[in-house]
Amino acid sequence: MRHKIDGFVKRTVKDLFGMEISPEITHPPSDDLGDYSSNAAFLLAKKIHKSPQDIAEMIARKIEGDIIEWAKAISGFLNIKIKKDAWLEELKTAIYRDYGNACWGNDMRVLIEFVSANPTGPLHVASARAASFGDSLSRILQSQGFEVDREYYIDDSGKQVELLGKSIELKIKELKGEKVDFPPDAYKGDYIIKLAKKAIKENICDYTKFGVKEVLKMQKGALDRFRITFSEWISESELKEKGEADRVIEDLQELKKSPFVKKDGALWFIAGKREGRVFIRSDGSYTYIVPDIAYHRYKFDRGYDVLIDLLGPDHIDHIPELEKSLELLGYPVENLLVKIIQWVTLKRGEEKIKMSKRSGEFITIDELLDEVGVDAARYLFLMRKSSMPMDFDLELAKEQSERNPVYYVQYGHARISSLLEFAREKNYITDSPEKLNLLRKDEEWKLMRKITEFKEVLEDAAKMKEPHLLCYYLLDLSKFYHNFYQKVRIIGGKEELIQPRLFLSNAIRNVLAMGLSLLGVSTPERM
RNA sequence: GCCCCUGUAGCUCAGUGGAUAGAGCAUCGGUUUCCUAAACCGGAGGUCGUAAGUUCGAAUCUUACCAGGGGUACCA
């Protein structure tokens, strides 16, 4: 619908003034101003030296389109009312299972990397937020015609995993009755004890390898429970073994203008105005960024058109070096989109819950799910836009679970499901698009217009890479439906209106179901 | 010091260039012999952190400042 209007406005402007513009097509603040409005006249005012109102009037007189009821110029805006038939035609399609799907993604191949936590302990809530986000964004992009793969990068080489091995080894000694001094940065927590006991039982000698394997198993289990899947798990150590990290350094050194400087026995990467960053330590080992560059190169080499990284704010400082290196190596950095998912602060009421993996005090995904459930957790994470640091109040998520936004939307779905079931028992047809033109009430028109907004919201969410837009839309749609349901008696109301109203309800249920499944939230038939 | 995020109703947050700035919670009042009251309707509640600038138009963009949070390793 929005695309059609956009086309009409552009064509009319071209016919009238011979100019190409990109007008915005939005919804006016109140219904009596029409269904859509455009700022086209404002954009043209300066170029052709006429007042926006005059231009809008010219466009309004000239504009043509099979779905336009009327077009008016109102204080400079071009306002357009859509024919009722057009809304009804749109409504008929809203009952299909692929409603809202689009193909402007053009089968572009997208690789989205997320979570990628250190394999040194259970996943905590910040990972849960990133997991919800990455999963939902993948689904939304898929719905718009992108071909999406999801990847988890395992940081299984480096000092942190050696420390994990060491922590297990020391814990074993302690369990055997030896007195041991744990280094201050050793990993603690129940899972270390569990791993140590298991290592003893299985006669393990390589504690690091064992620890990483076991921790990954734990992480996969938690993600599974959270309904998050990945197409690929890429291991840092494997990339290193294949010599990919070496190749990055070699190729960067071969450049005409080497970006490296030796200082204090370490190899520093200097690019742009920023201070340098160490790539090779004085002991000859690579810092984290080198295999990470190799990894990104590997992503590009596999032929992806767009790379999306969802990172925690602690990675911000590495982005310039990563991008600069890839650029120097000849890769299209503009196709790499790095999105920072801000931290989550856990609270219980007023009390902040401090988290530190090393000290062993943290809330894991499993504990979170035990307390608030998958659906509530996912919806609450996804409601915030990614740049927003969020407070997650466990007390509130639990206590107010009845008034939790996710239940409001799910309740809408359950309510309609039960209505439709009741209707079928009474032998009413719930999916016949006949007599829809009998729908005339305000609440019914509002719902019809709201339904078609689904397509617009999905497109916007995919373009902006922000699933929270969908969360707010679904809340809105549910609100409109609850309002309609309360005011209009369907079964038992006017006989000729029952079937069209059931169809309308069915369409709403379909949109709610598809929206919720894009968020990874379940759609209960009853509650 | 430098970098990043944030500042919108009492609270939690939407709104990122358009018209009279919205929702939930909290609060006050109302709605159930009838398809799910986990619902609905109404009231009250705003110097959009401050100031300047850009613009026909700014909560939205720019700059400076103020306030809160986070980062600032040859950890990742």
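Lettering of chains follows the sequences in order, A, B, ..., and the numbering in each one begins at 1.
Residue A:Lys487 places no side-chain N or O under 4.0 Å from the OP1 or OP2 atom of B:C41. Residue A:Arg384 has no polar side-chain atom (N or O) positioned under 4.0 Å from OP1 or OP2 of B:U12. In this model, the phosphate group of B:A38 is not approached by any side-chain N or O of A:His482 to a distance below 4.0 Å at OP1 or OP2. At the phosphate of B:C34, neither OP1 nor OP2 sits under 4.0 Å from any side-chain N or O atom of A:Tyr485. At B:G24, one or more side-chain N or O atoms of A:Lys479 fall inside 4.0 Å of OP1 or OP2 (strictly under the cut-off). Residue A:Asn39 places no side-chain N or O under 4.0 Å from the OP1 or OP2 atom of B:G17. When the side-chain nitrogen and oxygen atoms of A:Arg489 are compared with OP1 and OP2 of B:C40, none of them lie within a distance under 4.0 Å.
Across all strands shown, A:Glu525 has heavy atoms under 4.0 Å from base atoms, whether or not it also approaches the sugar-phosphate. A:Asn79 comes within contact range of at least one nucleobase, with a heavy-atom separation under 4.0 Å. Residue contacts for A:Asp264: at a heavy-atom cut-off of 4.0 Å it reaches a base atom on one of the strands shown. Within the 4.0 angstrom heavy-atom criterion, only backbone atoms of the sugar-phosphate kind lie near A:Ser387; the bases stay farther away. Within 4.0 Å (heavy atoms only), A:Ala414 reaches at least one base atom of the nucleic acid. Using a 4.0 Å heavy-atom criterion, one finds that A:Ser51 contacts no nucleic acid atom at all. As judged by a 4.0 angstrom heavy-atom cut-off over every strand, A:Val488 is placed among the base-contacting residues. A:Arg526 comes within 4.0 angstrom of a base, heavy atoms only.
Remark: ring of A:Phe42 does not overlap the six-membered base ring of B:G57 in a stacked fashion, as centroids less than 5.5 Å apart with planes less than 30° apart are not both met.
With distances taken from any side-chain atom of A:Asp314 to the nucleotides B:A76, B:C4, B:C13, the minimum falls on B:A76. You'll find that the side chain of A:Thr287 is closest to B:C74, out of B:C74, B:A19, B:A39. With B:C74, B:C35, B:A19 as the candidates, the nucleotide lying closest to the side chain of A:Val278 is B:C74. Among the nucleotides B:A19, B:C40, B:C74, the one closest to any side-chain atom of A:Pro29 is B:A19. For A:Tyr472, counting side-chain heavy atoms from C-beta on, the closest listed nucleotide (B:C4, B:A14, B:C40) is B:A14. In this structure, of B:A39, B:A23, B:G7, it is B:G7 that holds the atom nearest to the side chain of A:Met388. Looking at the side chain of A:Asp155, the nearest of the listed nucleotides B:U36, B:A14, B:A76 is B:A76. Distances were taken from every side-chain heavy atom of A:Phe77 (C-beta onward) to each of B:C40, B:C4, B:G18; the shortest belongs to B:G18. Listed nucleotides: B:C74, B:U12, B:C75. Nearest to the side chain of A:Lys159: B:C75. Residue A:Leu33 places its side chain closer to B:A19 than to any other of B:A19, B:A38, B:C35.
For the C1' atoms, the distance from B:C25 to B:U63 is 37 Å, rounded to whole Å. Rounded to whole Å, the separation between the P atoms of B:G70 and B:C74 comes to 22 Å. B:G17 and B:G10 have their P atoms separated by 27 Å, given to the nearest Å. Look at the C1' atom in both B:A21 and B:G57: the space between them is 15 Å, to the nearest Å. B:G68 and B:G45: their P atoms are spaced 31 Å apart (whole Å). B:C4 sits 43 Å from B:G43 when the C1' atoms are compared, rounded to a whole Å. For the C1' atom pair drawn from B:U62 and B:G24, the interatomic distance equals 34 Å after rounding to whole Å. Comparing B:U12 with B:U6, their C1' atoms sit 14 Å apart, to the nearest whole Å.
For A:Met383 and A:Ala423, each mapped to the nucleotide of RNA chain B holding its nearest heavy atom, the one lying further toward the 5' end belongs to A:Met383. Between A:Ser417 and A:Ser282, it is A:Ser417 whose nearest contact on RNA chain B lies nearer the 5' terminus.
Using a 30° and 60° split on the angle between ring planes, A:His315 and A:His318 fall in the tilted class, from 30° to 60°.
With hydrogens and angles ignored, a donor-acceptor pair under 3.5 angstrom links the side chain of A:Lys385 to the base of B:U16. The base of B:A19 sits with one of its N or O atoms less than 3.5 Å from a complementary donor or acceptor on the side chain of A:Ser37. In terms of polar N and O atoms assigned as donor or acceptor, the side chain of A:His318 comes within less than 3.5 Å of the base of B:A76 in a complementary pairing.
Residue A:Tyr411 contributes atom OH, which lies 5 Å from atom P of B:A38 at whole-angstrom precision. We find that OH of A:Tyr408 is positioned 12 Å from C1' of B:A37, with the value rounded to whole Å. Distance CD1 (A:Ile319) to C1' (B:U72): 15 Å, rounded to an integer number of Å. What separates CG of A:Asp393 from C1' of B:A26 is a distance of 15 Å, to the nearest Å. Distance A:Gln499 CD to B:C35 P: 22 Å, rounded to the nearest Å. Counting to the nearest Å, the P atom of B:C56 and the CG atom of A:Asp54 are 17 Å from each other.
The cationic atom of A:Lys220 (NZ for Lys, CZ for Arg) lies less than 6.0 Å from the six-membered ring centre of A:Trp233 and within 45° of the ring axis. A cation-pi arrangement is present between A:Lys72 and A:Trp70, with the terminal nitrogen or guanidinium carbon under 6.0 Å from the aromatic centre and inside a 45° cone about the axis.
A side chain to side chain contact (heavy atoms under 4.5 Å, CB included) with A:Arg2 holds for exactly one of A:Lys455, A:Glu453, A:Glu459; it is A:Glu459.
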Please step through side-chain hydrogen bond (donor to acceptor under 3.5 Å, both in side chains) for the pair A:Asp155 and A:Gln160, ending with a clear verdict. CA-CA 9 Å; A:Asp155 293 329; A:Gln160 83 283 0; 5.3 Å; no
Check the pair A:Lys347, A:Asp393 against salt bridge (charged side-chain N to carboxylate O under 4.0 Å, His left out), reporting the backbone distance first and the verdict last. CA-CA 5 Å; A:Lys347 287 166 75 179; A:Asp393 188 339; 5.6 Å; no
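In this structure, A:Phe279 and A:Ile293 have side chains that are in contact, with non-hydrogen atoms separated by less than 4.5 Å. At a threshold of 4.5 Å between non-hydrogen side-chain atoms, the residues A:Phe503 and A:Thr430 do not count as touching.
Ionic pairing of A:Lys339 and A:Glu466 is present here: one or more N-O contacts between side-chain nitrogen and carboxylate oxygen are shorter than 4.0 angstrom.
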